[in-house]
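Keep in mind that the numbers below use all heavy atoms, side chains included, and drop hydrogens, waters and symmetry copies. Residue numbers run from 1 in the order of the sequence given.
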Amino acid sequence: MSIRILVLHGPNLNMLGLREPDIYGTTTLADVNDRIAALAQELGVEVDTFQSNHEGQLVDKIQAARGQYAALIINAGAYTHTSVALLDAILSAELPTIEVHLSNLYKREPFRHHSYIASAAVGQICGFGADSYLLGLRAAVALAQS
Ligand code: DHK
């Protein structure tokens, strides 16, 4: 059975391409997902992607991922900096988790420097635009194969 990886996009990431392009770039979420799908095919893994603006929907997806996926890649958007619920969901899912962000959080406002989910992640990749997801996918596949 092939390796399955879940990619979650949090709030406002549906606005990629339109929202603050100087920070997040001009690539749309559909483009990001297409690039993830192309790399997944190249690496021979299956990837599902899901975006929600709703914290509870993201919690539901993470809970349902337990035992179903080899790894989780998550850009929790602003919930990164606020959500104990997402942290607890990730801890309970017991999946190797990679936190990704398009922007470099540490070059931005101080409130973005703290991530509630970082302590539950294997690692964090930020600052590479859409490539952060692709680097995250490579890391997830390496973890799943280790
Ligand atoms: C995306 C968001 O929506 C912000 O709330 C985070 C993150 C940063 C990103 O860089 O992908 O602070």
* How far apart are the closest heavy atoms of Leu13 and Gly77, and which atoms are they? -> CD1-N, 4.4 Å
* Check: Ser52 and Lys61 side chains under 4.5 Å, non-hydrogen atoms -> no
* With side chain to side chain contact (heavy atoms under 4.5 Å, CB included) as the test, would you mind laying out the steps for Val7 and Asp48 before giving the verdict? => CA-CA 6 Å; Val7 179; Asp48 291 328; over 6 Å; no
* **Minimum-distance pair of heavy atoms, taken over all atoms of Val47 and Ala40** => CG2-CB, 3.5 Å
* To do: Look at the side-chain heavy atoms of Ile, Leu, Val, Met, Phe, Trp and Tyr, link any pair under 4.5 Å apart, and say whether Leu58 and Leu72 land in one connected group.
  => yes
* To do: Measure the shortest side-chain to side-chain distance between Ile73 and Leu6 over non-hydrogen atoms and say whether it is less than 4.5 angstrom.
  => no
* Asked: Judged by atom type as modelled, is there a donor-acceptor pair below 3.5 Å linking the side chain of Arg4 to the main-chain atoms of Ala70?
  -> no
* Structure fact -> Sequence neighbours excluded, the answer for salt bridge (Lys or Arg N to Asp or Glu O under 4.0 Å) partners of Asp131 is Arg35
* Once you round to the nearest 0.5 Å, how far does CD of Gln57 lie from CD of Gln51? -> 9.0 Å
* To do: State whether a side-chain donor-acceptor pair under 3.5 Å links Thr80 with Glu99.
  => no
* **Transitive ILVMFWY side-chain link Leu43 to Leu95, under 4.5 Å** => no
* With a 3.5 Å cut-off and no angle check, do the side chains of Glu55 and Asn53 form a donor-acceptor pair? -> no
* To do: Under the salt bridge (Lys or Arg N to Asp or Glu O under 4.0 Å) rule, collect the residues that match up with Arg66, sequence neighbours excluded.
  => Glu94
* Asked: Do the two ring centres, one from Phe128 and one from His101, sit under 6.0 Å apart?
  -> no
* Asked: Given side chains that start at C-beta, do those of Val122 and Leu143 come closer than 4.5 Å, heavy atoms only?
  -> yes
* Asked: Of the non-hydrogen atoms in Gly44 and Ser2, which two are nearest, and what is the gap between them?
  -> O-CB, 4.3 Å
* Within a strict 4.5 Å, meaning less than it, do heavy atoms of the Ile36 and Leu134 side chains meet? -> yes
* Asked: Got Val141 and Gln145 here, is their nearest side-chain heavy-atom distance under 4.5 Å?
  -> yes
* Asked: Same hydrophobic cluster for Leu86 and Ile98, using side-chain heavy-atom links shorter than 4.5 Å among ILVMFWY?
  -> no
* Can you see which heavy atom on Ile5 is nearest to which on Ala140, and at what distance? => CD1-CB, 3.9 Å
* **Hphob cluster co-occupancy, Leu105 + Tyr24, side-chain heavy atoms under 4.5 angstrom** => no
* Determine, stepwise, if the pair Cys126 / Val100 fulfils side chain to side chain contact (heavy atoms under 4.5 Å, CB included). => CA-CA 6 Å; Cys126 72; Val100 302; over 6 Å; no
* Asked: What is the distance from atom CD of Gln124 to atom OG1 of Thr97, rounded to the nearest 0.5 Å?
  -> 13.0 Å
* Asked: If you round to the nearest 0.5 Å, how far is CG of Asn75 from OG of Ser132?
  -> 8.5 Å
* Asked: Less than 4.5 Å apart, any side-chain heavy atom of Tyr69 and any of Ile3?
  -> no
* Asked: Which value, rounded to the nearest 0.5 Å, describes the distance between Phe50 atom CZ and Ile62 atom CD1?
  -> 10.0 Å
* Got a sec: does the CD of Gln41 have more than 12 other heavy atoms crowding it under 6.0 Å? -> no
* Asked: Just wondering, do Asn12 and Arg19 contact through their side chains at under 4.5 Å, heavy atoms?
  -> yes
* To do: Say whether Asn33 and His9, considering side chains only, have a donor N or O and an acceptor N or O under 3.5 Å apart.
  => yes
* Quick one: CD on Gln63 to CG on Asp88, what's the gap to the nearest 0.5 Å? -> 10.0 Å
* Heavy-atom distance under 4.5 Å between the side chains of Leu16 and Thr27, does that happen here? -> no
* Side-chain donor/acceptor of Ser115 to backbone N/O of Ile117, under 3.5 Å -> yes
* To do: Tell me whether Leu102 is reachable from Ile23 by hopping between hydrophobic residues (I, L, V, M, F, W, Y) whose side-chain heavy atoms are closer than 4.5 Å.
  => yes
* **Qualifying residues under ring pair (Phe, Tyr, Trp, His ring centres under 6.0 Å), relative to Tyr116, sequence neighbours excluded** => His114
